[in-house]
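Structure below; questions to follow.
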Amino acid sequence: MKENIFVTKSLMPPFEAYVEEIKDLWDSCMLTNMGEKHQRLQGELETFLKVPSLELVVNGHFALELALESLEKKSKENTNGQVITSPFTFISTTNAIVRSGFTPVFCDVNPVDFTIDVTKIESLITEDTVAILPIHVYGNVCDVEKIQSIGKKYDIPVIYDAAHSFGVEVDGRGIGSFGDISCFSFHATKVFHTVEGGAVCVNDPIYLDKIQALRNFGYYQAEGVQEIGGNGKMNEFSAAMGLCNLKYMDEVTKKRKKVYECYESLLKNKGFRLNPTQDKVKRNYAYFPLIVEAGDAKRELIFRALQEEGIFTRKYFYPLPQKLDVYKGKYLGETPVAQRLSESVLCLPLYPDLSLDDVERMCGIILNTK
Ligand SMILES: *Cc1c(COP(=O)(O)O)cnc(C)c1O
């Protein structure tokens with residue numbers, strides 16, 4: 001009996017290394033509130049990710065909410081501020097916008113790299129637009145230059161959902177350094193993790209104090225509470241996991257690359273569309289999305305054929321938020337390209353220790369599904 005294969009598998013550092021890392025917590029009894037490990041991880045991540053300033057938080061979703069709540073122009077008269085975003089993403093992105101009191105305005109994605117279609121952003125900008133929130137989906141880099149110039153032209157801040165793009169670089173520049181703010185997720189299923197966790201990269205320092213305060217009940221240093229903040233502090237056990245995992249990131253990327261390229265060589269020119277390569281981009285091989293051009297029915301056949309063999313793929317991202325009961329009919333934005341993608345995409349298993357034999361076996365099943 002073969003073992004089941006899931007779409008991802010959490011990275012585990014050597015057990016002894018983790019135990020060694022957490023040992024001194026039994027002496028210090030300092031388990032949270034921006035402790036020693038928290039501070040060390042923050043510094044190491046700023047260096048690794050090549051970002052000017054990074055704040056650790058409890059999860060990637062909270063990072064997005066913090067970023068949105070730090071915006072000054074919360075709303076114009078009698079309206080919720082609008083945030084232009086794309087729907088081809090994990091539901092967290094849309095939920096964060098709505099939970100922060102804003103109205104999402106859905107912009108379509110481009111069919112090449114599945115990120116926000118920059119030719120369609122400007123027509124969606126109104127008096128009430130308070131931010132643009134694009135997603136580096138699957139670690140594919142948005143058209144950061146164009147988005148920056150739009151943000152500048154209309155004086156609208158840009159917040160990136162960089163949850164998929166840990167370690168990605170553009171021409172040697174860290175992906176988290178783009179936009180006014182970029183948010184990472186360090187969830188157990190992501191390329192790098194702290195069990196649960198995330199980070200807000202604050203590239204425009206005007207947001208820094210407020211984000212730090214909102215993370216800690218609204219406290220500004222010892223001056224008392226000036227914001228209605230929540231509790232988003234990363235604890236020391238999570239930070240310790242991050243410190244251990246970070247040591248393996250280069251090795252992890254190399255292994256992921258091997259798996260990714262094996263899929264690519266077996267599936268290219270076989271009637272599927274694959275994730276593109278992008279110029280000057282150092283990638284992280286986080287996901288292997290397979291676009292089944294034939295559409296939903298064929299995708300379902302492949303999904304089931306793999307499942308029968310104990311292989312569990314994911315329809316990332318299906319359904320789109322606009323199709324969910326909680327959002328249906330509520331928000332603006334026609335997104336036919338995203339809709340088509342969501343009906344044809346299947347993310348295949350991808351993690352560092354996935355064997356190439358298993359990749360070959362999975363590709364065999366996919367190619368034999370008629
Ligand atoms: C994982 C993810 C999030 C949420 O991160 P958590 O750490 O799970 O809260 C947000 N956006 C995208 C695109 C994600 O993939």
Side-chain angles (χ1 to χ4, degrees), residues 6-11 41 45 49 54-69 83-100 102 104 106-107 109 113-116 131-142 158-168 175-176 178-179 181-201 214-215 230-235 237-239 241-242 245 275 283-289 314-321 324 327 335 338 341-342 345 347 350-351:
F6 298 98
V7 74
T8 185
K9 193 170 167 182
S10 294
L11 181 66
L41 181 62
L45 283 172
L49 293 171
L54 171 146
E55 297 299 320
L56 295 172
V57 292
V58 276
N59 56 56
H61 179 83
F62 198 79
L64 289 170
E65 289 197 9
L66 276 182
L68 286 157
E69 285 167 11
V83 176
I84 297 172
T85 189
S86 59
F88 192 64
T89 176
F90 183 48
I91 193 63
S92 168
T93 320
T94 308
N95 287 0
I97 293 169
V98 176
R99 288 173 54 85
S100 306
F102 296 113
F106 293 115
C107 181
V109 296
D113 61 27
F114 328 126
T115 64
I116 197 164
I132 304 170
L133 202 171
I135 301 103
H136 300 299
V137 67
Y138 307 134
N140 295 342
V141 178
C142 296
V158 176
I159 298 171
Y160 281 106
D161 183 338
H164 292 181
S165 52
F166 187 91
V168 171
I175 191 76
F178 290 96
I181 303 173
S182 279
C183 300
F184 285 102
S185 162
F186 304 152
H187 184 257
T189 56
K190 300 292 203 299
V191 166
F192 163 83
H193 77 87
T194 58
V195 187
E196 292 272 4
V200 189
C201 301
L214 287 169
R215 177 181 62 180
N231 180 1
K233 296 180 265 83
M234 179 182 284
N235 73 65
F237 288 85
S238 280
M241 187 60 120
N245 279 339
N275 208 34
R283 54 207 306 196
N284 65 359
Y285 307 96
Y287 299 89
F288 196 93
R314 294 297 290 269
K315 296 168 190 171
Y316 282 146
F317 297 96
Y318 171 86
L320 296 186
L324 298 173
Y327 289 135
T335 61
L341 273 172
S342 99
V345 69
C347 276
L350 175 49
Y351 45 87

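Just follow the structure's listing: the first ligand is 1, and inside any ligand the first atom is 1.
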Checklist entry - Can you say whether the rings of Phe317 and Tyr138 are parallel (under 30°), tilted (30 to 60°) or perpendicular (over 60°)? => result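 Taking Tyr138 first and then Phe317, their aromatic rings lie parallel (interplane angle under 30°).
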
Item to check | For Tyr316, ring pair (Phe, Tyr, Trp, His ring centres under 6.0 Å) partners two or more places apart | outcome: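 For Tyr316, no residue satisfies ring pair (Phe, Tyr, Trp, His ring centres under 6.0 Å) once neighbours in sequence are set aside.
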
Checklist entry - Can you find a pair of side-chain heavy atoms, one from Ile97 and one from Leu68, that are under 4.5 Å apart? => result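 Ile97 reaches Leu68 side chain to side chain.
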
Checklist entry - With a 4.5 Å heavy-atom cut-off, do Ile135 and Phe90 have their side chains touching? => result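 No, their side chains stay 4.5 Å or more apart.
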
Item to check | Residues that Tyr285 engages under ring pair (Phe, Tyr, Trp, His ring centres under 6.0 Å), provided they are two or more places apart | outcome: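 Tyr260.
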
Next on the checklist: As a test of reading the model: which residues have a non-hydrogen atom less than 4.0 Å away from ligand 1?
Outcome noted: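 The 4.0 Å shell around ligand 1 contains Asn59, Gly60, His61, Thr89, Phe90, Ser92, Thr93, Asp161, Ala163, His164, Ser185, His187, Lys190, Gly197.
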
Item to check | Under the side-chain hydrogen bond (donor to acceptor under 3.5 Å, both in side chains) test, residues paired with His164 that sit two or more places apart | outcome: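 Testing His164 for side-chain hydrogen bond (donor to acceptor under 3.5 Å, both in side chains), a comparison that skips the adjacent residues, returns none.
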
